[in-house]
There are 2 protein chains.
Amino acid sequence: MTDFDGFFKSAFTVDNVIFGFDEGDLKALLIKRGEDPHQGMWALPGYFVDPQEDLDSAAVRVLEQLTGIKDVFLEQVHTFGAVDRHPFGRVITVAYCSLIKISDYTVQASSIAQKAKWHSVSRLKKLAFDHSEILESCLNRLKRLVRTRPVGFELLPPKFTLTELQHLYEAILETPLDKRNFRKKILSMNLLIDLDETQEGVAHRPARLYEFDQSKYEEFLADGFSFELKESKRKEKGNGEALSKGQLVKNTDKL
Amino acid sequence: MTDFDGFFKSAFTVDNVIFGFDEGDLKALLIKRGEDPHQGMWALPGYFVDPQEDLDSAAVRVLEQLTGIKDVFLEQVHTFGAVDRHPFGRVITVAYCSLIKISDYTVQASSIAQKAKWHSVSRLKKLAFDHSEILESCLNRLKRLVRTRPVGFELLPPKFTLTELQHLYEAILETPLDKRNFRKKILSMNLLIDLDETQEGVAHRPARLYEFDQSKYEEFLADGFSFELKESKRKEKGNGEALSKGQLVKNTDKL
DNA sequence: CTAATTAGTGTAAAAAGTACACTAGCCCTG
DNA sequence: CAGGGCTAGTGTACTTTTTACACTAATTAG
């Protein structure tokens, strides 16, 4: 080792942005910090990486310790390292992101998390540290992803209606989509299994229920398929169905 | 600060993957390390981040110190943090990537770089640390990028022919493209300025020279436009033009 | 002048994207 | 039990984009 070897007292953390979808809203799982700095503020579930721990494993461990959520697939998104982002010293943080079905998990705060709760992404206050920025960067990534892959299924309960799926896409993309074109595209991908069941207890015509075909999805990815969501190019016209715009577009897009 | 505060003696580095294009080949800029660990091995130009330095600035500084290359736009790609990736201790590294015109820069090794040299990406040996893995992840990203944005212009000299541009795309994507469709697409994007000049000193019909229209490119990005490259779906047929496949595809793909 | 070499060009058929409006089925109420 | 309210569900014609494909043009070298 040379004289100045670049090592100094510093730390790495991981921060997780966990997206879910519920009540027509895109949500993110946040904890209320029970520890300084920023005690009492809402923050992403994140914590220090141990000296003998890989980043990816740390993300998984920290998420479970703080929120009780385990067995999720976390994907690295970006690393944030502004000099003053942590008041106690030099800390760089690696942001991870995941999409989960809210109904599949019970959130249980522990460790430094006083509470753990789902928050609507569309109305978030300022978070601890630079976590607002981190969340936003994950959200942008999700928007990109959702146009490229049939990503939404991870966020819905096992059985869902096409309208729910459409609402999910609309919530993520913040744009209305055309019902008929959306259905046409989604169904043409053959990723859905029609369960031949219908909703119960709704005060209107009940919708058919579908489930996501995991094995077809894997084929889809293996084939290098992707699809794209496009917004309509047409100008607003203010009548009839004109509010429902946008298409789901599947491309054969081999690498 | 709590008792265990997560801080320990550790380090962050940045590693830069600088792509260029020359002699029909995609190249990456590497340094020969003049310092342990891995002295004498080829490596990405990377070094320690100073305690009072942002990650992005560190990437820029380190690149200049090691190779003399400055004023490049570096984009963060991924962070690598395997526990044993550095023999001297816990070091996580943030990988940055850039595309430059080789002819615009003079490479000048200094600091711990014994040499700095462009290497063909297609025939690389094992690099120091986990740098092979890092380079590969940047290459994958480049492949994705090149389908989504007219990215290649950064890699070519100011004046270039359409055939050179096509070769660049073919080199990055490792797939042949159809000449007529490629030209049609590229020209329809209106990102090229026809210089009304032709090549000189070539032993065949000289090609027209084009330059990249920077202002149109900025419009393009602002409009959220993107384009996509697709490979042909057809089966090999072994006759005539059948070798030239693939298309350049422009989409209006507003977010 | 001829051969060699790369540049440059168009079209027709197929696939995908887009806009758009009405009927069907269930519950609730009076 | 009829009618209103609500969401589900469906098809078509038009436009745009993608795709496959083969020959002529311009230059240099010999």
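Note on naming: letters A, B, ... go to the chains in the order of the sequence lines (proteins, then strands), and numbering restarts at 1 for each one. These numbers come from the heavy atoms of this one structure, side chains and all, not from hydrogens, waters or symmetry mates.
Applying the side-chain contact (heavy atoms from CB on, under 4.5 Å) rule to A:E164 yields the partners A:F160, A:T161, A:Q199; only residues at least two apart in sequence or on another chain are considered. Remark: A:F80 engages A:H78 in a ring-ring contact (aromatic ring centres under 6.0 Å, His included) (not counting sequence neighbours). Residues forming a salt bridge (charged side-chain N to carboxylate O under 4.0 Å, His left out) with A:D71 (at least two apart in sequence, or on another chain): none. Scanning for ring-ring contact (aromatic ring centres under 6.0 Å, His included) contacts around A:H204 gives an empty result, with sequence neighbours left out. When the ring-ring contact (aromatic ring centres under 6.0 Å, His included) test is applied to A:W118, no partner is found at least two apart in sequence or on another chain. A search for salt bridge (charged side-chain N to carboxylate O under 4.0 Å, His left out) contacts involving B:R141 returns B:E75, not counting sequence neighbours.
Taking 3.5 Å as the limit, the base of C:dA21 and the side chain of A:R180 contain a donor-acceptor pair of atoms between them.
Across all strands shown, A:T163 has heavy atoms under 4.0 Å from sugar-phosphate atoms exclusively, and none from any base.
Dashed line: the shortest gap from a side-chain N or O of A:R183 to OP1 or OP2 of D:dG9 is under 4.0 Å.
Atom-to-atom, NZ of A:K179 to P of C:dA19 comes out at 17 Å; the value is rounded to the nearest Å. Distance CG (A:L165) to P (D:dG9): 12 Å, rounded to an integer number of Å. Remark: C1' of C:dT6 and CD of B:E170 are 14 Å apart, rounded to the nearest angstrom. One can place CZ of A:F182 at 14 Å from P of D:dT10, the figure rounded to the nearest angstrom. Across the protein-nucleic acid pair, A:E164 atom CD and D:dG9 atom C1' stand 15 Å apart, rounded to whole Å. Counting to the nearest Å, the P atom of D:dT10 and the CG atom of A:D178 are 14 Å from each other. Remark: C1' of D:dT7 and CD of A:Q166 are 12 Å apart, rounded to the nearest angstrom. Atom CD of B:E200 is separated from atom C1' of C:dA7 by 16 Å (rounded to the nearest Å).
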Per-pair distances, 0.1 Å, donor-acceptor, side chain in residues 97-108 of chain A, under 3.5 Å, sequence neighbours excluded:
unit_1, atom_1, unit_2, atom_2, d
A:S98, OG, A:F73, O, 2.8
A:K101, NZ, A:F153, O, 3.1
A:K101, NZ, A:L156, O, 3.2

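Taking each heavy atom of B:K115 and B:W42 in turn, the nearest pair found is CB-CH2, 4.0 Å.
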Contacts under 3.5 Å, N or O only, protein and nucleotides 11-14 of chain C:
unit_1, atom_1, unit_2, atom_2, d
C:dT11, O4, B:K184, NZ, 2.8

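A:K126 NZ: more than 12 foreign heavy atoms inside a 6.0 Å radius.
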Report task. Encode nucleotides 25-30 of chain C as B, S and - characters from 5' to 3', where the letter depends on protein heavy atoms closer than 4.0 Å: B to the base, S only to sugar-phosphate, - to neither. Result -> BBS---
